[in-house]
Amino acid sequence: MYMQKFLLHTCCAPCSITIIDESKEKYDLTVFFYNPNIHPEEEYLKRKREVVRVCEEWGVLMVDMDYDAENWHKIMNGLEDEPEGGVRCKKCFALRLEKTAQYAHEHGFDMYSTSLTSGRNKKADSIFPIGEFFAKKYGVFFLAEDWKKSGRQEKGRKMVEERGIYRQKYCGCVYSKKVES
Ligand code: SF4
C-alpha cells in the first residue's frame with residue numbers, strides 16, 4: 001500500500017516527539033531539521049542532537065540542513081526589538097517553512113508540516129497561512145495540524161521525561177534568550 005511521503009519540519013525534540021510517534025505509522029515520514037534561528041551554536045547542536053536521538057529510536061530518516069545563522073540575522077535586521085509573536089517571528093516561521101516546502105517539492109514529497117504549532121506560545125492561526133502560502137508556491141500539500149491539541153502536550157511531556165531529553169527554556173533566537181534570562 002502506498003504511504004504518502006511526509007516531510008516534517010522539526011524545531012526540537014520536545015515539540016516533535018509525539019508527532020513522530022503518531023505520523024510514523026500513517027506516513028512515509030522524514031524529519032527536516034532547519035533552524036538557523038537557534039542561538040548560540042552550542043544550543044543549536046544540543047537541540048539537534050536530541051532530534052537525532054528521537055529519529056534513531058523511531059528509525060526515521062532525518063535531513064540535516066545547514067546552520068545558516070548569518071543569513072537569519074541578515075533577514076531579521078531591524079526587527080531586534082519585536083515582541084515574541086510579532087513580525088520577526090512571522091519572518092522566522094516563513095524562512096523555515098519555505099525551505100521545508102521547497103525541499104519537499106524538489107524531493108517528491110506529497111505533503112509537509114511543522115512542529116512549530118506544538119509550542120505553547122505559538123498560535124497555529126499565525127502559522128497555517130504561512131504554511132499554506134508555500135504549499136501553493138511549491139505545489140505540495142500542507143498538513144495544517146495544531147499539534148499541541150488532542151492530549152499531545154501531556155503525552156509529549158511524559159515521553160520527554162522518560163528519556164531525559166533536553167528541554168530548552170527559550171524559543172531559540174538571541175532575542176528570545178535575552179527575554180528569558
Ligand atoms: S522568538 Fe522564536 S520564532 Fe520568534 S524570531 Fe526568535 S526564534 Fe524565531
Side-chain angles (χ1 to χ4, degrees), residues 7-20 31-55 62-104 112-138 140 142-149 152-153 156-157 160 165-181:
L7 189 64
L8 175 69
H9 168 260
T10 298
C11 56
C12 63
C15 281
S16 59
I17 193 163
T18 55
I19 314 174
I20 293 171
V31 161
F32 189 76
F33 194 83
Y34 175 64
N35 299 293
N37 52 311
I38 303 171
H39 178 88
E41 189 172 4
E42 192 189 2
E43 173 75 15
Y44 168 83
L45 293 171
K46 203 169 175 182
R47 293 189 197 185
K48 186 166 81 174
R49 260 198 308 274
E50 297 296 58
V51 173
V52 170
R53 247 179 88 189
V54 170
C55 287
M62 181 184 129
V63 177
D64 179 7
M65 298 302 281
D66 285 345
Y67 179 52
D68 60 345
E70 211 177 296
N71 182 40
W72 187 91
H73 280 280
K74 262 190 218 150
I75 294 168
M76 303 306 155
N77 188 27
L79 300 172
E80 295 80 358
D81 298 328
E82 278 285 316
E84 201 166 327
V87 179
R88 190 186 66 238
C89 295
K90 290 211 170 75
K91 282 202 167 197
C92 183
F93 300 152
L95 180 72
R96 290 184 277 169
L97 290 184
E98 174 158 24
K99 186 73 94 181
T100 314
Q102 190 178 5
Y103 188 96
Y112 85 106
S113 191
T114 177
S115 63
L116 286 169
T117 61
S118 293
R120 63 194 153 90
N121 297 327
K122 306 266 188 316
K123 291 195 176 68
D125 287 353
S126 64
I127 295 169
F128 290 165
I130 301 171
E132 269 145 17
F133 177 84
F134 292 118
K136 273 202 192 99
K137 182 171 174 183
Y138 292 99
V140 190
F142 175 68
L143 182 61
E145 182 76 41
D146 191 347
W147 297 108
K148 60 182 149 309
K149 294 210 167 145
R152 291 180 184 113
Q153 272 189 325
R157 207 167 293 131
V160 162
I165 288 172
Y166 167 66
R167 183 188 287 279
Q168 64 275 2
K169 292 192 172 52
Y170 63 102
C171 183
C173 67
V174 63
Y175 314 113
S176 61
K177 189 170 193 299
K178 275 183 199 152
V179 171
E180 287 295 324
S181 50

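First listed ligand is number 1; within each ligand, the first listed atom is number 1. None of the values given here were measured: they were computed from a predicted structure. One-based numbering along the sequence shown.
- At the top of the distance list for atom 4 (Fe) of ligand 1, counting protein heavy atoms only, stands C89 SG, 2.3 Å.
- Numbered from 1 in the order shown, with element, the atoms of ligand 1 that lie under 4.0 Å from a heavy atom of F93 read 3 (S).
- Nearest heavy-atom pair, S16 versus S115, reported as atom, atom and distance to 0.1 Å: CB-CB, 4.0 Å.
- Contact check for L7 versus Y103: side-chain heavy atoms found under the 4.5 Å cut-off.
- Listed by number with element, the atoms of ligand 1 under 4.0 angstrom from any heavy atom of S176 are 1 (S).
- Atoms of ligand 1 lying under 4.0 Å from at least one heavy atom of C171, given by number and element, are 1 (S), 2 (Fe), 3 (S), 7 (S).
- E50 places a side-chain N or O within 3.5 Å of a backbone atom of Y166 that can act as its donor or acceptor partner.
- Selection from K177, M76, R88, E84 by nearest heavy atom to atom 5 (S) of ligand 1 gives R88.
- Between atom 4 (Fe) of ligand 1 and C173 there is no N/O/S contact shorter than 2.8 Å.
- Less than 6.0 angstrom separates the ring centroid of Y112 from the ring centroid of F142.
- Close approach of ligand 1 to C92 (heavy-atom distance below 4.0 Å) involves ligand atoms 3 (S), 5 (S), 8 (Fe).
- Across H9, K48, R47, a single residue satisfies side chain to side chain donor-acceptor pair (under 3.5 Å) together with N35, and that is H9.
- No side-chain donor from either of E82 and Y175 sits under 3.5 Å from a side-chain acceptor of the other.
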